[in-house]
Structure formats: C-alpha cells, structure tokens
Amino acid sequence: MNAELLLMFTLGCDRAYLYAHPERELTADEQTRYDAALAERARGVPAQYITGHQEFWGMDFIVTPAVLIPRPETEHVIEIVLELAGVERAGGRGRPPHTIPLRIADVGTGSGCIALVLAKELPQAEIHATDISPAALEIARANAARHQLESRIHFREADLLAGFENSSFDFIVSNPPYVGDSEEDQVQLEVRKFEPRNAVFAGPTGLEVIARLIPQAHDALRPGGRLIMEISGTIAEKVKELLRDWNEVQIRPDLQSIPRVAQARK
C-alpha cells in the first residue's frame, strides 16, 4: 500500500488512474523520484511526510515533520464535540438554547485538523486554535487557507490556554501529548524518530501536559462548558482522578474498545 501511495505521489495521479493504466511505464525522471521516495520510506520516514499529505475527516491536510500526523482515533474527539454541540444549541439538560455562536478552543492544534473540521462542521462557531510551535502554526494556517477557512479560525502562539480570559469558551478540545517517557519503547519506531517529540511525549508519566491543561480549561470555560481530550488507556484512570472536581466525567472508548477520549463539564 505504501508503494502504491508513493507511486501515486510520484505521478501526481489517483488510484483509479493507476488501475486504468497498468501498462504505464515510468520515465527516467519519474523512476528516479519514485526510487528516492521508496528509499525514504525504507529508512522509516512516514509516507505522509514524504507525500506531504494526510486525509482526516474526508479533508486533505498538509503535514510536515513540524506536526503530528492526524490519525483516525482523533476523529472520536470531533464526533463527541458535534454530539454535544447539538445538545448545547438545542438547550439540552434544562438550559436555554444558545443564542450566540459557540466559542471553541483547540489547544495544541498542530496541523489544524481538529480546528478546521469543527469550523467546517459548525459554520456558526467561533474557533480559536493555539500551539506553542510557530512551525506548527504555519502549517495550520496553510491548511486553513487551502480549505478557505482562514477567516473562521483565530490562530495564536501560546502555551496551552495562556492569554485567554476566564469564562471564554463553550468547548475546549485537545489532542495533547500523553505518552510517558517510560512508554517510549512501546511507541512505533517511525513515530519516535520522525514525529515531533513534544507532540507525542508529555514527560515522565504522560500526564504532565494534561495536568496543566485541566485547571487552565476550568478557568477558560463558561459555566457548563465542556473539556474534551484525546488520551490513552494507560492514563485513563489517572485522568479521571484529575477531573474529580468536574461534572459528568466520561472516558469514551475507540473502535478497538481502548479508552480514547476524556470529557467533562465545568
């Protein structure tokens, strides 16, 4: 599959073209570029960094080694936000319906995949996206421009939620680093070698970033606002403990029944 993907990248074509033209021979230049791509993949470089692209939620995203490669598991964060946003707009749980746009913050936006999908799916929402990495924000802004969503998203270079006023948001979402240094040998080699370390590893326990984000999110959320974070099964119970002062705390599993998303209401 990687060889086919890299061939499509080399030729600038889709899979249908490859299957429809099995007799197609590579030119000398194409062969050289294809061999170079295969060599990069053979040394472990993720195919997404070679092609510069990754699909997420049916949208095509530019990716470079400055950002984490978007993964299907993160789509569960989107699903939960959309589910809860529908409840909020309808005035669920005895609250009046929202009469002003929802305000959402995506913390550690990376490629911008979560923020852009939410901007697309919730056209009336006001989206803010933060990242501590200027290089990551450059990629996120490029993706926003490609999808004509740059006017919908407010990007900010910040450490988590630094600089935002209290009671600013209805939703705070994040795919933070949550792998502990002690788990490094359990992480795929290509992730360890090529993806940005500060987007994968949080510190000795894996809870270091989440432990800072939770109190910041509590301050930044409006009463009744929601925090939704991607996590791993190894830290699920400890995350629940960190959320002990919140309401409606849930840990939602992914399709493999692995604890994947923590959600809580202020």
Side-chain angles (χ1 to χ4, degrees), residues 68 73-74 76-85 87-89 92-93 95 98 100-110 112-119 122 125-133 136-137 140 153-180 198-203 205-232 235-252 259-266:
L68 195 70
E73 293 82 4
T74 304
H76 292 292
V77 173
I78 306 290
E79 292 166 356
I80 292 171
V81 174
L82 296 181
E83 171 191 321
L84 294 173
V87 171
E88 292 293 329
R89 285 200 303 267
R93 300 186 183 276
R95 294 189 298 277
H98 261 282
I100 58 175
L102 294 173
R103 296 188 81 229
I104 302 173
D106 173 27
V107 180
T109 195
C113 61
I114 294 176
L116 268 68
V117 170
L118 292 177
L122 299 170
E126 179 182 321
I127 311 291
H128 294 256
T130 76
D131 207 289
I132 199 170
S133 165
L137 285 171
I153 304 173
H154 306 274
F155 292 101
R156 177 185 291 197
E157 183 181 339
D159 182 7
L160 303 181
L161 287 160
F164 287 105
E165 295 181 358
N166 288 351
S167 303
S168 295
F169 297 105
D170 300 288
F171 289 92
I172 292 173
V173 301
S174 184
N175 177 16
Y178 52 73
V179 180
N198 65 355
V200 176
F201 296 96
T205 69
L207 289 164
E208 285 74 12
V209 175
I210 289 173
R212 291 196 300 119
L213 174 59
I214 287 174
Q216 287 188 30
H218 195 275
D219 290 341
L221 283 168
R222 293 168 175 163
R226 308 272 185 168
L227 171 62
I228 301 165
M229 304 177 292
E230 181 172 335
I231 63 169
S232 71
I235 62 171
E237 290 304 315
K238 293 176 182 177
V239 170
K240 285 179 69 174
E241 176 61 21
L242 290 172
L243 291 167
R244 61 187 176 276
D245 296 327
W246 292 62
N247 299 309
E248 300 175 26
V249 176
Q250 294 183 30
I251 305 293
R252 301 271 285 265
R260 184 59 60 193
V261 181
Q263 64 181 74
R265 183 172 67 86
K266 177 176 176 178

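Heavy atoms only: backbone and side chains are in, while hydrogens, waters and symmetry mates are out. Counting begins at 1 with the first residue of the sequence. These figures come from a predicted structure and were not determined experimentally.
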Quiz item: After noting the C-alpha distance and the side-chain angles of Leu243 and Ile214, does the key distance pass the side-chain contact (heavy atoms from CB on, under 4.5 Å) rule?
Solution: CA-CA 7 Å; Leu243 291 167; Ile214 287 174; 3.7 Å; yes
Quiz item: Within 45° of the six-membered ring axis of Phe171 and under 6.0 Å from that ring's centre, is NZ or CZ of Arg226 located there?
Solution: no
Donor-acceptor check, side chain of [X] to backbone of [Y], threshold 3.5 angstrom: yes or no?
{"X": "Glu208", "Y": "Gly206", "result": "yes"}
{"X": "Ser174", "Y": "Val107", "result": "yes"}
{"X": "Arg260", "Y": "Ile231", "result": "yes"}

Quiz item: Does the side chain of His128 pick up a donor-acceptor pair with the side chain of Arg103 at under 3.5 Å?
Solution: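 Yes, a side-chain donor-acceptor pair sits under 3.5 Å.
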Self-check item: Any donor-acceptor N or O pair under 3.5 Å, side chains Gln216, His218
Solution: no
Exercise. Might you work through the side-chain contact (heavy atoms from CB on, under 4.5 Å) test for Thr74 and Ile78, ending with a clear yes or no?
Key: CA-CA 7 Å; Thr74 304; Ile78 306 290; 5.8 Å; no
Practice problem: Take Leu161 and Leu213 through the side-chain contact (heavy atoms from CB on, under 4.5 Å) test and state the conclusion after the steps. | Solution: CA-CA 8 Å; Leu161 287 160; Leu213 174 59; 4.0 Å; yes
Quiz item: After noting the C-alpha distance and the side-chain angles of Leu160 and Arg212, does the key distance pass the side-chain contact (heavy atoms from CB on, under 4.5 Å) rule?
Solution: CA-CA 8 Å; Leu160 303 181; Arg212 291 196 300 119; 3.6 Å; yes
Which heavy atom in [X] sits nearest to a heavy atom in [Y], and how many Å separate them?
{"X": "Ala220", "Y": "Ile172", "answer": "CB-CD1, 3.8 Å"}
{"X": "Asp219", "Y": "Lys266", "answer": "O-NZ, 4.1 Å"}
{"X": "Leu227", "Y": "Ala217", "answer": "CD1-CB, 3.9 Å"}
{"X": "Pro215", "Y": "Ala211", "answer": "CD-O, 3.1 Å"}
{"X": "Val209", "Y": "Pro176", "answer": "CG1-CB, 4.1 Å"}
{"X": "Pro101", "Y": "Asp170", "answer": "O-OD2, 4.1 Å"}

Would a 4.5 Å heavy-atom cut-off, applied to side chains only, mark [X] and [Y] as touching?
{"X": "Leu82", "Y": "Leu118", "answer": "yes"}
{"X": "Arg252", "Y": "Gln263", "answer": "yes"}
{"X": "Val261", "Y": "Ile251", "answer": "no"}
{"X": "Glu126", "Y": "Ile104", "answer": "no"}

Quiz item: Are the aromatic ring centres of Phe201 and Tyr178 under 6.0 angstrom apart?
Solution: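 No, the ring centres sit 6.0 Å or more apart.
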Quiz prompt | Option among Ile153, Ile127, Asp106, Thr109 that satisfies the side chain to side chain contact (heavy atoms under 4.5 Å, CB included) test with Leu116 | solution =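 For Leu116, the side chain to side chain contact (heavy atoms under 4.5 Å, CB included) check succeeds only for Ile153.
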Quiz item: If you round to the nearest 0.5 Å, how far is NZ of Lys240 from CD1 of Ile235?
Solution: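 Taking CD1 in Ile235 and NZ in Lys240, the distance rounds to 13.5 Å.
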Exercise. Any chance you could measure Ile210, atom CD1, to Glu230, atom CD, to the nearest 0.5 Å?
Key: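 That separation rounds to 9.5 Å.
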Quiz prompt | Lys/Arg N to Asp/Glu carboxylate O, Arg156 vs Asp131, below 4.0 Å | solution = no
Quiz prompt | Lys238/Glu241 salt bridge by N-O under 4.0 Å criterion | solution =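 Between Lys238 and Glu241 there is no salt bridge, as every charged N stays at least 4.0 Å from the carboxylate O atoms.
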